[in-house]
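Please read all numbers here as calculations on a predicted model, not as lab measurements. Numbers here are sequence positions counted from 1.
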Amino acid sequence: FDAAERYQKEGRQVIILAGKEYGSGSSRDWAAKGPWILGIKAVIAESYERIHRSNLVGMGIIPFQYVGGQTADSLGLTGTETFSIDVPDDLKAGQELQVKLSDGRTFQVKTRFDTEVELTYFRHGGILNYMIRRML
């Protein structure tokens, strides 16, 4: 929490590097709200628990997935790197994007927005913002 608070004050965006079935066994609703409260902008995981991935989208957090069997370990990621991911305005469901690291390395990730509706929620900052805008 202290680190997340410091990063927010510094204006640093934070991502999570995760393994397989990210979000499994959690109280799913809060498992997505917690990262949102901490200012997490994206998760890069090997795979997701189905409902948790959807809940991340609902909170406005981008779910990315490693491609080609890659993992944080196989890529030598420690979490100390600075990541840069350019997300285009015309992002498509399942689109692959390039991740650039502060040390010059790059790798590909797949966006795990699986439907156009999920992209709509993301573009509005999450489902709550989307619903409020529709009501106003």
Side-chain angles (χ1 to χ4, degrees):
F1 177 80
D2 292 337
E5 192 174 63
R6 187 177 83 238
Y7 294 152
Q8 285 179 0
K9 286 179 184 173
E10 294 171 357
R12 295 168 71 184
Q13 296 184 343
V14 181
I15 66 171
I16 292 174
L17 302 177
K20 294 178 183 174
E21 291 298 314
Y22 176 69
S24 292
S26 60
S27 62
R28 296 177 188 137
D29 183 54
W30 273 100
K33 288 178 184 169
W36 179 80
I37 289 168
L38 293 176
I40 303 299
K41 300 298 181 188
V43 176
I44 304 175
E46 293 176 47
S47 63
Y48 290 88
E49 189 278 331
R50 180 182 56 85
I51 295 172
H52 183 66
R53 185 201 57 77
S54 179
N55 287 340
L56 290 172
V57 171
M59 295 306 299
I61 297 173
I62 305 172
F64 291 115
Q65 190 165 336
Y66 298 104
V67 296
Q70 292 179 323
T71 67
D73 287 339
S74 72
L75 292 166
L77 304 177
T78 64
T80 59
E81 304 86 357
T82 299
F83 294 73
S84 176
I85 308 169
D86 290 324
V87 178
D89 290 337
D90 63 346
L91 183 67
K92 307 283 187 267
Q95 184 173 342
E96 288 193 12
L97 301 176
Q98 184 178 66
V99 179
K100 299 174 187 172
L101 303 177
S102 51
D103 62 10
R105 293 181 291 156
T106 63
F107 64 95
Q108 295 292 118
V109 292
K110 177 182 178 179
T111 58
R112 284 300 313 277
F113 295 114
D114 295 346
T115 67
E116 289 300 316
V117 170
E118 289 180 341
L119 278 167
T120 298
Y121 294 160
F122 166 70
R123 289 184 178 117
H124 285 271
I127 191 170
L128 182 59
N129 291 337
Y130 171 76
M131 295 307 293
I132 289 170
R133 286 184 180 116
R134 287 202 39 141
M135 292 171 60
L136 297 178

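- Scanning all heavy atoms of the two residues, the minimum distance from Lys92 to Asp90 falls at NZ-O, 3.0 Å.
- Residues Met59 and Ile127 do not share a hydrophobic cluster, clusters being chains of Ile/Leu/Val/Met/Phe/Trp/Tyr side chains in contact below 4.5 Å.
- Closest heavy-atom contact between Glu21 and Glu49: OE1-CA, 3.7 Å.
- Rounding to the nearest 0.5 angstrom, the gap separating the CG atom in Asp2 from the CD atom in Glu5 is 6.5 Å.
- Considering every non-hydrogen atom in both Tyr66 and Leu17, the closest pair reads OH-CD2, 3.7 Å.
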Could you go through the side-chain contact (heavy atoms from CB on, under 4.5 Å) check for Arg112 and Val43 one step at a time?
-> CA-CA 10 Å; Arg112 284 300 313 277; Val43 176; over 6 Å; no
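- Counting all heavy atoms, side chain and backbone alike, Ile15 lies closest to Ile40 at CA-CG2, 4.4 Å.
- Note: the hydrophobic cluster containing Ile51 does not contain Val57 (ILVMFWY, side chain heavy atoms under 4.5 Å, direct or indirect links).
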Hey, mind stepping through Arg105 and Leu77 against side-chain contact (heavy atoms from CB on, under 4.5 Å) and telling me if it holds?
-> CA-CA 10 Å; Arg105 293 181 291 156; Leu77 304 177; 4.2 Å; yes
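- Applying the 6.0 Å contact sphere to CZ of Arg134 captures no more than 12 heavy atoms from other residues, nucleotides or ligands.
- A distance of 4.5 Å separates CD in Gln98 from OG1 in Thr106, rounded to the nearest 0.5 Å.
- Val14 places none of its side-chain heavy atoms less than 4.5 Å from the side chain of Leu38.
- The shortest heavy-atom contact between Pro88 and Leu97 is CD-CD2, 3.8 Å.
- To the nearest 0.5 Å, atoms NZ (Lys110) and CD (Gln95) are separated by 11.5 Å.
- The side-chain heavy atoms of Arg12 and Thr82, taken from C-beta on, include no pair separated by under 4.5 Å.
- No chain of hydrophobic side-chain contacts below 4.5 Å, direct or via other Ile, Leu, Val, Met, Phe, Trp or Tyr residues, connects Phe64 to Val67.
- Val109 is connected to Leu101 through a chain of hydrophobic side-chain contacts under 4.5 Å among Ile, Leu, Val, Met, Phe, Trp and Tyr, so both are in one cluster.
- Note: Phe113 and Phe122 have tilted aromatic rings, judged against thresholds of 30 and 60 degrees for the angle between ring planes.
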When you look at Leu91 and Arg123, which way does the side-chain contact (heavy atoms from CB on, under 4.5 Å) test go after all the steps?
-> CA-CA 10 Å; Leu91 183 67; Arg123 289 184 178 117; 4.2 Å; yes
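- At least one side-chain heavy atom of Arg53 sits less than 4.5 Å from a side-chain heavy atom of Asp114.
- Of the possible donor and acceptor atoms, none in the side chain of Ser54 sits under 3.5 Å from a partner among the backbone N and O of Arg50.
- Closest approach of Lys41 to Gln13, counting heavy atoms only: CG-CB, 3.8 Å.
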